[in-house]
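Structure record follows, encoded as structure tokens.
All of these numbers come straight from a predicted model, not from anything done at the bench.
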Amino acid sequence: MGLSNVGAALRVRLPELGERMAERIRAEVESYADDSLIPFASLMESCRGNADLLLGRFAYGAEPDVGAAQHTGRLRAEQGVPLADTLHAYRVGFELLWSEMVDEARRHPEVTDAELVAGSSEIWALFGRYAEAVAAAYREASAELALQREARRSALAEALFTGALADRTTPWEAARQLGLPERGPYAVVAAAVPDPGQEPLPGIEAALRRSGVPSVWRLLPDQQIGLVSLGHRDAETVSLRALRRRRARVGVSPRFDSLRDTPQALRFARLALAGRPGEGPGVTRFDDSPLAMLVAAAPAEASRLVEVALGPLLELPEAERARLLQTLGHWFASGGVAAGAADGLFVHPNTVRYRLRRVEELTGRPLTDPMALADLGAALYALRLLPS
């Protein structure tokens, strides 16, 4: 009964208690000292609301209501206040409130020592309950905010890659929100996804960030694509090293300076990926082959080159066509050495020579003629990049 009178007396002084709590918290908790982050009026309102519920528990036995604590937890998460500071502020508030209750109890002779001891246990049990509610609401709000930020980040990245930014968002504003510099050089990376949903370059963004290289990434069903800033002096070397460590099939675009060119750079990165020889992992840069630039710049003309140079060969039954094209590709890759191509194909060198003669017969282009070789090599490269 005694503490109920104490609670009722203190509830009359709620405005004063709320202000004193807010002042104590601002003095003792660093994050709360910034008025631009947590306005003082908002802090006082929060203190009064929480104090009112606590004092109501003592004044008339109200059931504990953690609604105000949950609201505070969500609000502080949205404001970016660390959870540790939020819980510290609650502890400061509870300590001040209990100190005021003890002082007020001295004015009420009916309050016994046993009631004060019980009240102390009660208020710290309530603190545990409130702190748990604050932390749960804070974490829930933080998770929601993280999902919202990631969705926003993903949408902005998608807009950069596709060139579909909204009218109200410029590429440079998108770059700022994504943590990228507003000026190049940049490069786009495309890595083949081994299985849907599986990242071929796990942890790449964090690894590059630790090396001072900002980047942003998107996981698509068939590829993981990234926009990498190369403004740092060693950014390209660092990026290529990190990409090679992931043991994935990767294509890298040429450098470019304007974010408006990101969609075209993505196309170049995909062409570099598609043109990577063999089936194993590795990094292929678009600039590693001038032919790639020609094929990408003129796909229609490149397709026509394939028809002219390889047309009769492409009309063969699928199995024979694939065998001859594979042999020709291995022969080019081995520098025109039949034995080297045979090793890669696991056949006898004479088998390679026979197949090459068959290619010469079908195409009418002798492999001893440099011009014919150039036509066949360019057509073979174009066929690999433009399989359609």
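Between V228 and V252, the closest side-chain pair of non-hydrogen atoms is not below 4.5 Å. I123 is listed as a side-chain neighbour of F94, based on a closest heavy-atom distance under 4.5 Å. By the 4.5 Å heavy-atom criterion applied to side chains, V189 and I204 are not counted as neighbours. With a 4.5 Å cut-off on side-chain heavy atoms, F268 and V188 do not count as touching. Taking the side chain as every heavy atom from C-beta outward, L75 and S46 never approach each other to under 4.5 Å. Here the side chains of R246 and P202 are in contact, with some heavy-atom distance below 4.5 Å. Put simply, the side chain of L178 does not reach to within 4.5 Å of the side chain of L227, judged on heavy atoms. A 4.5 Å side-chain heavy-atom check between Y90 and I25 finds every atom pair outside the cut-off.
Of all the heavy atoms in E104 and A9, the pair that sits closest is OE2-CB, 3.4 Å. Between V216 and F161, the closest heavy-atom pair is O-CZ, 4.3 Å. The two residues P349 and A339 make their nearest non-hydrogen contact at CG-CA, 4.2 Å. In plain terms, the two heavy atoms of D375 and L305 that are nearest each other are O-CD1, 4.3 Å. For M21 against A51, the heavy-atom pair with the smallest separation is CE-CB, 3.9 Å. Between R255 and L230, the shortest heavy-atom distance links the atoms CG-CD1, 3.8 Å.
Of the possible polar contacts, one joining the E360 side chain to the L367 backbone as a donor-acceptor pair under 3.5 Å is found. Side chain of R48 to main chain of L14: no donor-acceptor pair is present (N/O by atom type, distance under 3.5 Å, no hydrogens or angles). Between the R249 side chain and the G280 main chain, a donor and an acceptor come within less than 3.5 Å of each other. Judged purely by atom type and a 3.5 angstrom limit, Q264 has no side-chain atom pairing as donor or acceptor with the backbone of D261. Under a 3.5 Å cut-off, the side chain of T162 and the backbone N or O of E158 do form a donor-acceptor pair. Looking only at distances, no side-chain donor or acceptor of Y32 sits under 3.5 Å from a matching main-chain atom of R24. No side-chain donor-acceptor contact under 3.5 Å links W217 to the backbone of I225. Judged by distance alone, with hydrogens and angles left aside, the side-chain atoms of R358 form no donor-acceptor pair with the main-chain N or O of Y354 at under 3.5 Å. Side-chain atoms of S258 come within 3.5 Å of backbone atoms of R260 as a donor-acceptor pair (strictly under, hydrogens ignored). Without hydrogens or angle criteria, D85 side chain to P82 main chain gives no donor-acceptor distance under 3.5 Å.
Taking CD from E236 and CZ from R285, the interatomic distance works out to 5.5 Å, rounded to the nearest 0.5 Å. From W98, atom CH2 reaches atom CG of L126 across 11.0 Å, with rounding to the nearest 0.5 Å. The CE atom of M44 sits 12.5 Å away from atom CD of E16, with the distance rounded to the nearest 0.5 Å. Within the model, atoms CG of L328 and CG of L380 stand 5.0 Å from one another, a figure rounded to the nearest 0.5 Å. Here CZ of R321 is found 11.5 Å from CG of L310. Values are rounded to the nearest 0.5 Å. Taking CZ of R20 as the start and CG of L96 as the end, the distance is 5.5 Å to the nearest 0.5 Å.
More than 12 heavy-atom neighbours from other residues, nucleotides or ligands sit within 6.0 angstrom of NE2 on H232. Annotation for D113: atom CG does not count as buried by contact number, only 12 or fewer foreign heavy atoms lying within 6.0 Å.
Taking hydrophobic clusters as Ile, Leu, Val, Met, Phe, Trp and Tyr residues chained together by side-chain heavy-atom distances below 4.5 Å, L219 does not share a cluster with L243.
Taking 4.0 Å as the cut-off between side-chain N and carboxylate O, E307 and R304 count as a salt-bridged pair. Under the 4.0 Å criterion applied to side-chain N and carboxylate O atoms, R323 and E320 are not assigned as salt-bridge partners. By the 4.0 Å N-to-carboxylate-O rule, E95 lies close enough to R91 to be salt-bridged with it. Under a 4.0 Å N-O distance rule, the pair D257/R183 does not qualify as a salt bridge. Ion pairing of D35 with R26 is present here, as a side-chain N (NZ or NE/NH1/NH2) and a carboxylate O approach within less than 4.0 Å.
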- Message: The test is side-chain contact (heavy atoms from CB on, under 4.5 Å); show your working for D103 and S99 and say whether it passes.
- Response: CA-CA 6 Å; D103 286 344; S99 175; 4.2 Å; yes
- Message: Show, in sequence, the C-alpha distance, side-chain angles and deciding distance for W124 and F127, and conclude whether the side-chain contact (heavy atoms from CB on, under 4.5 Å) test is met.
- Response: CA-CA 5 Å; W124 290 114; F127 169 74; 3.6 Å; yes
- Yes or no on side-chain contact (heavy atoms from CB on, under 4.5 Å) for Y130 and L53, after CA distance, side-chain angles and deciding distance? CA-CA 11 Å; Y130 272 56; L53 291 171; 3.5 Å; yes
- Take R74 and E144, measure what salt bridge (charged side-chain N to carboxylate O under 4.0 Å, His left out) needs, and give me the verdict at the end. CA-CA 10 Å; R74 294 189 65 86; E144 291 173 4; 2.8 Å; yes
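Between the side chains of R355 and T327, at least one donor-acceptor pair of N or O atoms lies under 3.5 Å. For the residue pair R76/Q79, the side-chain donor-acceptor check at 3.5 Å is satisfied.
Below 30°, between 30° and 60°, or above 60°: for Y186 and F256 the angle between ring planes is between 30° and 60°, a tilted geometry.
Side-chain rings of F332 and Y381 stay apart, their centers remaining 6.0 Å or farther from each other.
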